[in-house]
Number of protein chains: 2
Amino acid sequence: METRTLETGERILDAAERLFMAHGYEGTSMRQITGEAGVNLAAVNYHFGSKESLMQEVFRRRLDWLNEERMRVLDEMEREANGQPLKPSAIVDAFFGTLLRMAGDEKRGGITFLRLLGRTLTEPSEFIRAFLAHEYKTVMDRYKEALFRALPEVPKAEIVWRFHFMLGATSYAIAGTDALRLVTDWQIEEEDSTDRLDRLVPRLMSFLMGGLRAPLPQY
Amino acid sequence: METRTLETGERILDAAERLFMAHGYEGTSMRQITGEAGVNLAAVNYHFGSKESLMQEVFRRRLDWLNEERMRVLDEMEREANGQPLKPSAIVDAFFGTLLRMAGDEKRGGITFLRLLGRTLTEPSEFIRAFLAHEYKTVMDRYKEALFRALPEVPKAEIVWRFHFMLGATSYAIAGTDALRLVTDWQIEEEDSTDRLDRLVPRLMSFLMGGLRAPLPQY
DNA sequence: CTATGATTTAAACGAACGTATGAATCATAG
DNA sequence: CTATGATTCATACGTTCGTTTAAATCATAG
């Protein structure tokens, strides 16, 4: 008898996370998932009810922690600021930096979940978008408010747009670590993959802050 | 007998473009496509051979023009510059601005194709990525070289990363015009949809240039 | 007109899909 | 030990998938 260190449910979630990341939701079958997890085909429906519920649980397992952490960091920063507006760079780091630093934390899903998240934000499935919207709403509103206060001279609509652009740049930074290598055909010879991740955070952060602080467009 | 203004092949391409945009490649069936196009189920395999070939043709129809236009604009700018390096903003506008201005050109696919492209760049399907890589390689190399020359003081690796970030921001700007509205839950009350598109180009361009010119990160 | 090749059509193919079922097996409490 | 509920198992259900086939229809040249 083999030593089964992980519960069936966890094994399924891990396999589903990796396969959804690699092939998308529609492109991944229940038989692939249960095959990779080493469990019976019926196990998904027994433990999660359906494929849709499984997908939601894959996200909830990671997003609950991430968004609580984002809230916790923002709470602490605002407490220390004593009512003063926060620095924009601190807000951006709390939101995007917290996300990116998940990539180094293997027990929180690591790079696999981040890639899944990055590509899911542009995916079409209605129920996934609705689920993410609900899951994200509270934390998103808090961060938008913080940015409004931190940048009082910038029109709110402009801030929302730039927040959106930042999401896109970050999503690509994660999801495209290998996806867009084909398209861009770059070689970054001098760095191994762990090095690349460590340097990605400051690199991306510089870019995001540059974009956020850019002169307003004149129409 | 009805007046059929469009050929069968064109009708299929139009339907496939819209449906792939709305539901993704795996999420769209041949029966949906032929149903919306008002043609027989077998027509796709007769005219295009397979679903994969159809997808490639959907992209080729638009990308051929786009990338030729990008080349043409860059050629003309370099001719006028007489060997001098180009302005980074001119290069960025030639690459991303040309793309965005497709959105207003309905006979080039308009906003539908741009959304499809934006979401496909983060999609997983192996054959699509390989196809896009081949389709994009030449124009990508030309623009990278132009940026290297325009920004001689910036390390090439940094330029490539920032080009990548710019792609992500642009992709989200397009694909997420309604996709991420759920997540961000914004209201931009003062603008209708045509207005929004007109203002998107300068808005995004400001953001991209701010990110591209941002101070280099110190490690 | 007739002949010929291109196109469209209805129907079917085998394969893969998500899900459901009932029996077998397991863990645990009494 | 036995009893009970949780879990795993092999198997099958009904649908839908992309693709193929052969006959029907169309367009056009001689």
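Values in this document were obtained by computation on a predicted structure and should not be read as measured data.
- Using a 4.0 Å cut-off between a side-chain N of Lys or Arg and a carboxylate O of Asp or Glu, B:Lys137 and B:Asp141 qualify as a salt bridge.
- When the P atom of C:dA16 is taken as reference, atom NE2 of A:His23 falls 16 Å away, rounded to whole Å.
- One atom, CD of A:Glu7, and another, P of C:dC26, lie 17 Å apart when rounded to the nearest Å.
- If A:Ser50 and B:Asn40 are placed on DNA chain C by their nearest nucleotide, the residue sitting closer to the 5' end is B:Asn40.
- In this structure, B:Arg31 places its CZ atom 16 Å from P of C:dC17, rounding to the nearest Å.
- If you measure from atom CD1 of B:Ile33 to atom P of D:dC17, you get 11 Å, rounded to the nearest angstrom.
- Remark on DNA chain D: of its neighbouring residues A:Leu41 and A:His47, the 5'-side contact belongs to A:His47, judged by nearest-heavy-atom nucleotide.
- Residues B:Phe127 and B:Tyr25 place their aromatic rings such that the two centres sit under 6.0 Å apart.
- One finds the CZ atom of A:Arg61 at 5.5 Å from the CD atom of A:Glu10 (value rounded to the nearest 0.5 Å).
- Contact annotation for A:Thr28: backbone-only contact, meaning every heavy-atom pair under 4.0 Å involves sugar-phosphate atoms and none involves a base.
- Comparing atom distances between the B:Met30 side chain and each of C:dT8, D:dA6, D:dG18 picks out D:dG18 as nearest.
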task = Report the secondary structure of DNA chain D in dot-bracket form, marking unpaired bases with a dot and bases paired to a different strand with |, and treating Watson-Crick or G-U pairs with both distances under 3.5 Å as paired.
result = ||||||||||||||||||||||||||||||

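- Aromatic ring orientation, A:Trp161 versus A:Phe165: tilted (interplanar angle from 30° to 60°).
- If you take CD of B:Glu26 and C1' of C:dG18, they are 15 Å apart, rounded to a whole angstrom.
- A sub-4.0 Å separation between OP1 or OP2 of C:dC17 and a side-chain N or O of A:Ser29 is present.
- Atom P of nucleotide C:dG18 and atom CZ of A:Phe48 are separated by 15 Å, given to the nearest angstrom.
- The side chain of B:Ala42 approaches C:dT9 more closely than any other nucleotide in the set D:dC17, D:dT11, C:dT9.
- B:Arg62 and B:Asp64 are not joined by a salt bridge, as no carboxylate oxygen comes within less than 4.0 angstrom of a charged side-chain nitrogen.
- For C:dT7, the OP1/OP2 oxygens have no side-chain nitrogen or oxygen of B:Thr8 closer than 4.0 Å.
- When the nucleotides C:dT19, D:dG18, C:dA20 are ranked by their closest atom to the side chain of B:Lys51, D:dG18 comes out on top.
- The interatomic distance linking B:Asn45 (CG) with C:dA6 (P) rounds to 18 Å, in whole Å.
- Closest to the side chain of B:Tyr46, from the set D:dA12, D:dT20, C:dT8, is C:dT8.
- The residues A:Glu36 and A:Arg11 are annotated as not salt-bridged, no charged nitrogen and carboxylate oxygen being separated by less than 4.0 angstrom.
- Figure legend: B:Arg70 and B:Phe95 shown as a cation-pi pair, the cationic atom lying under 6.0 angstrom from the six-membered ring centre and within 45 degrees of its axis.
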